[in-house]
Amino acid sequence: MTARVGKSAADRTRQKILALIRSVPHGKVATYGSIARAAGLRSGARLVARTLHTSIGLPWHRILGAGGEIKLRGDHSIEQRLRLESERVTFRGRRVDMKRHEHKFAKRSPR
DNA sequence: AGGGTGACGATCA
DNA sequence: ATGATCGCCACCC
């Protein structure tokens with residue numbers, strides 16, 4: 001029973017990342033990097049990706065690489081694109097039109 | 001304890 | 001635009 005709810009710093013970071021991912025609204029997208037920064041990580045994009053990959057029930061298709069690029073490979077990238085297009089997210093070549101769809105996170109609470 | 005590994009990102013040739 | 005490199009963070013042997 002790995003009932004992890006946030007003991008270690010790593011777990012708290014994970015919870016924070018999960019909350020941010022869940023906060024991206026329908027029709028909008030965010031990047032691994034922006035989420036990492038919103039979570040207070042200097043450069044934890046890879047961690048965001050890992051979290052996304054090891055969790056379920058998240059709007060995973062709304063998370064993209066820098067510049068709005070889909071970073072998945074093969075069929076998965078196709079599914080992601082279809083899911084995005086089904087919520088009216090538009091593309092410019094093979095990247096999402098970030099100009100129109102990038103979700104801005106509120107600045108980190110000036111604690 | 002140490003080293004390898006990502007759904008990454010920025011930078012440089 | 002493409003490929004190599006280095007930095008980052010947590011996880012998995």
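Chain identifiers are assigned alphabetically (A, B, ...) following the order of the sequence lines, protein sequences preceding nucleic acid strands; residue numbering begins at 1 within each chain.
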A:Met98 to A:Val29 - nearest heavy-atom pair and separation: SD-CG2, 3.7 Å
Options C:dC9, B:dC8, B:dG9, nucleotide nearest the side-chain atoms of A:Ala66: B:dG9
Given C:dC8, C:dC11, B:dA7, the nucleotide with the shortest approach to the side chain of A:Ser43: C:dC8
Gap between atoms CZ and P, on A:Arg92 and C:dA1 respectively (whole Å): 9 Å
Length of the line joining A:His53:NE2 and B:dA7:P, which is rounded to integer Å: 6 Å
Interatomic distance where CZ belongs to A:Arg12 and P belongs to C:dC9 [whole Å]: 15 Å
Spacing of A:Leu52 atom CG relative to C:dC9 atom P, expressed in whole Å: 19 Å
A:Ala10 side chain, from C-beta outward: closest of B:dA7, C:dA10, B:dC8: C:dA10
From B:dG9, B:dT5, C:dA1, nucleotide with atom closest to A:Arg50 side chain: B:dT5
Side-chain H-bond candidate by donor/acceptor type, A:His61 with A:Glu87, under 3.5 Å: yes
Gap between atoms CG and P, on A:Asp11 and C:dA10 respectively (whole Å): 10 Å
Distance in angstrom units between A:Arg94 CZ and B:dA7 P, rounded: 18 Å
Test side chain to side chain contact (heavy atoms under 4.5 Å, CB included) applied to A:His101 and A:Thr90, step by step: CA-CA 8 Å; A:His101 306 289; A:Thr90 59; 3.0 Å; yes
Over all atoms of both residues, closest heavy-atom pair of A:Ile17 and A:Ala39: CG1-CB, 4.1 Å
A:Glu102 with A:Lys104: basic N within carboxylate O range, under 4.0 Å: yes
Same-atom distance (P) from C:dT5 to B:dG4, integer angstrom: 16 Å
Atom pair distance, as rounded to whole Å: CZ in A:Arg95 and P in B:dA7: 20 Å
Atom-to-atom span, CD1 of A:Ile35 to C1' of B:dA7 - whole angstrom: 12 Å
Short side-chain N/O contact to C:dG7 OP1/OP2 from A:Arg42, under 4.0 Å: no
Given B:dG6, B:dG9, B:dA7, the nucleotide with the shortest approach to the side chain of A:Arg46: B:dG6
